[in-house]
Amino acid sequence: TISKKESLTENVIYYFADMIFYFLKKFPNIKIIIRLHPDGLSNKIIFNKIPKNKNIEFHFPHEKSLKESFSESKISCFIIGTTLIFDSINYSCFPLILKFAKNNSFNFNGLKKYKIAHVSDTFSNFKKEMSSLLIHKNKLRLKQKNIQTFLKYFLSK
């Protein structure tokens with residue numbers, strides 16, 4: 001959603017929408033789930049920018065649970081940080097995080113240390129990592145297995 005405090009402007013939402021188009025064209029057989037934000041500030045932009053497409057499914061927070069969204073997904077994408085990253089990990093959905101904001105107070109060191117998320121500082125690195133995971137399915141499976149190992153280890157303590 002749009003947040004001036006976190007430097008998330010309409011331009012960032014437009015750029016993210018452009019990336020969705022890029023991946024739809026490059027990988028025409030993937031399904032993209034867009035989980036909309038409850039406050040709706042960015043939803044209008046998303047609906048205007050992204051036309052209906054058989055490969056895109058919109059999940060409204062009041063209609064679909066987090067479990068439904070993440071258990072249907074293999075990769076999740078986030079701009080900056082949110083507790084939803086941990087929901088994603090809980091369902092072995094590998095998170096890609098774009099650490100976009102200049103005043104980002106989120107600490108991603110643990111996620112990087114345990115290799116249970118990819119954190120990018122730039123749009124180009126984010127796009128490159130996403131493409132790599134979609135092309136190299138074994139790499140993605142290894143990332144998901146790593147998450148499962150992490151969860152088993154830390155949940156058993």
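The cationic atom of Lys99 (NZ for Lys, CZ for Arg) does not lie both less than 6.0 Å from the six-membered ring centre of Phe108 and within 45° of the ring axis.
Sorted by first and then second residue, the side-chain hydrogen bond (donor to acceptor under 3.5 Å, both in side chains) pairs involving residues 74-87 (not counting sequence neighbours) are Ser76-Ser88. Among residue pairs with one or both ends in residues 107-116, none qualify as salt bridge (charged side-chain N to carboxylate O under 4.0 Å, His left out); sequence neighbours excluded.
Taking the side chain as every heavy atom from C-beta outward, Asn55 and Phe27 never approach each other to under 4.5 Å. Considering only heavy atoms from C-beta on, Leu142 stays 4.5 Å or farther from Phe94 through its side chain. Residues Leu134 and Ile75 meet the side-chain proximity criterion, which asks for heavy atoms closer than 4.5 Å. When side chains are defined from C-beta on, Leu66 does not count as touching Asn90, because their heavy atoms never get closer than 4.5 Å. With contacts defined as side-chain heavy-atom distances shorter than 4.5 Å, the pair Phe86/Leu111 qualifies. Annotation: side chain of Ser73 is not in contact with side chain of Tyr91 (no heavy-atom distance under 4.5 Å). Contact annotation: the side chain of Cys77 never approaches that of Leu98 to less than 4.5 Å [non-hydrogen atoms, C-beta and beyond]. Residues Lys64 and Glu72 meet the side-chain proximity criterion, which asks for heavy atoms closer than 4.5 Å.
Using a 3.5 Å distance cut-off with no hydrogens or angles, the side chains of Glu68 and Ser65 do pair a donor with an acceptor.
Rounding to the nearest 0.5 angstrom, the gap separating the CG atom in Asn146 from the CZ atom in Phe150 is 9.5 Å. Ile32 CD1 to Glu57 CD: the interatomic distance, rounded to the nearest 0.5 Å, is 11.5 Å. Residue Ile50 holds its CD1 atom at 10.5 Å from CD1 of Ile45, rounded to the nearest 0.5 Å. Taken to the nearest 0.5 Å, the OG atom of Ser132 stands 3.0 Å off from the NZ atom of Lys139. Summarising the geometry, atom CG belonging to Asp121 is positioned 11.0 Å from atom CD1 belonging to Ile97; distances are rounded to the nearest 0.5 Å.
When every heavy atom of Met130 is checked against every heavy atom of Leu96, the shortest pair comes out as N-CD2, 3.6 Å. The shortest heavy-atom contact between Ile147 and Ile89 is CG2-O, 3.2 Å. Contact detail for Ser69 and Arg35: the closest heavy-atom pair is OG-NH1, 2.9 Å.
No more than 12 heavy atoms of other residues, nucleotides or ligands shown are found within 6.0 angstrom of NZ on Lys128.
Linking ILVMFWY side-chain heavy atoms closer than 4.5 Å, directly or via other members, places Ile33 and Phe21 in two distinct hydrophobic clusters. Taking hydrophobic clusters as Ile, Leu, Val, Met, Phe, Trp and Tyr residues chained together by side-chain heavy-atom distances below 4.5 Å, Phe123 shares a cluster with Phe78. When the side chains of ILVMFWY residues are joined at heavy-atom separations under 4.5 Å, either directly or via intervening members, Phe16 and Tyr14 end up in a single hydrophobic cluster.
Looking only at distances, a side-chain donor or acceptor of Thr149 sits under 3.5 Å from a matching main-chain atom of Lys145.
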Original post:
Please walk me through it: do Phe23 and Ser131 pass side chain to side chain contact (heavy atoms under 4.5 Å, CB included)?
Top reply: CA-CA 8 Å; Phe23 287 112; Ser131 293; 3.4 Å; yes
Subject >> Pair Lys49-Ile13, side chain to side chain contact (heavy atoms under 4.5 Å, CB included): steps then yes or no >> reply: CA-CA 9 Å; Lys49 185 78 175 160; Ile13 305 299; over 6 Å; no
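Ring geometry, Phe154 versus Tyr114: the interplanar angle exceeds 60°, so the pair is classed perpendicular (tilted spans 30 to 60°).
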